[in-house]
Amino acid sequence: MVATGLVGIDDFTFVGTGDHQVVAALNGPNTVVGIDAAGRSRTLLGAADGLQNPTSVAVRGRTLYVLSAAYSTGADPNLALATLPRR
């Protein structure tokens, strides 16, 4: 898998098989993306979901955990939770 055009990857995790094999936190663009086996990315969470400088991601089952604003930019750091879409 080769994914291109993803700026500011701060962390990523392997999810396994399915539509999103890798989930990555993009710090500067304030997004979390899912990346499929062909290297195509899809935004899963963004600034509209409350992300500010997401710095790490983890997945357990279908639950996605995102640490946001770890190096506070004037906002309160938070932990965002989301459910990964089914295949």
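Note that this is a predicted model, so its numbers are computed, not measured. Quick note: residue numbers are just sequence positions, from 1. Because only heavy atoms are used, hydrogens play no part in the values below, and waters and symmetry mates are left out as well, while side chains stay in.
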Legend entry - same_hphob_cluster(Leu26, Phe14) at 4.5 Å side-chain heavy-atom cutoff: yes
Legend entry - Closest non-hydrogen atom pair, Asp11 against Thr55: CB-O, 3.4 Å
Legend entry - Side-chain heavy-atom pair Leu84, Val15 within 4.5 angstrom cut-off: yes
Inset, instruction - Search all heavy atoms of Leu51 against all heavy atoms of Ala80 and return the closest pair with its distance. - result: CD2-CB, 4.1 Å
Legend entry - Contacts of type side chain to side chain contact (heavy atoms under 4.5 Å, CB included), residue Ser41, not counting sequence neighbours: Leu6, Val33, Ile35
Legend entry - Heavy-atom side-chain proximity of Val23 to Leu64 below 4.5 angstrom: yes
Inset, instruction - Can you see which heavy atom on Ser68 is nearest to which on Gly50, and at what distance? - result: OG-O, 4.0 Å
Inset, instruction - Would you name the heavy atoms of Tyr65 and Leu81 that are closest together and state the gap between them? - result: CD2-CD2, 3.0 Å
Legend entry - N/O donor-acceptor pair under 3.5 Å between Asn27 side chain and Gly8 backbone: no
Legend entry - Thr43 side, atom OG1; Asn30 side, atom CG - distance, nearest 0.5 Å: 11.5 Å
Legend entry - Beyond-backbone contact of Val22 with Thr13, side-chain heavy atoms, under 4.5 angstrom: no
Inset, instruction - Please confirm whether the backbone N or O of Gly34 pairs with a side-chain atom of Arg42, one donor and one acceptor, at under 3.5 Å? - result: no
Legend entry - Contact summary for Pro54 and Ala25, nearest pair of heavy atoms: O-CB, 3.9 Å
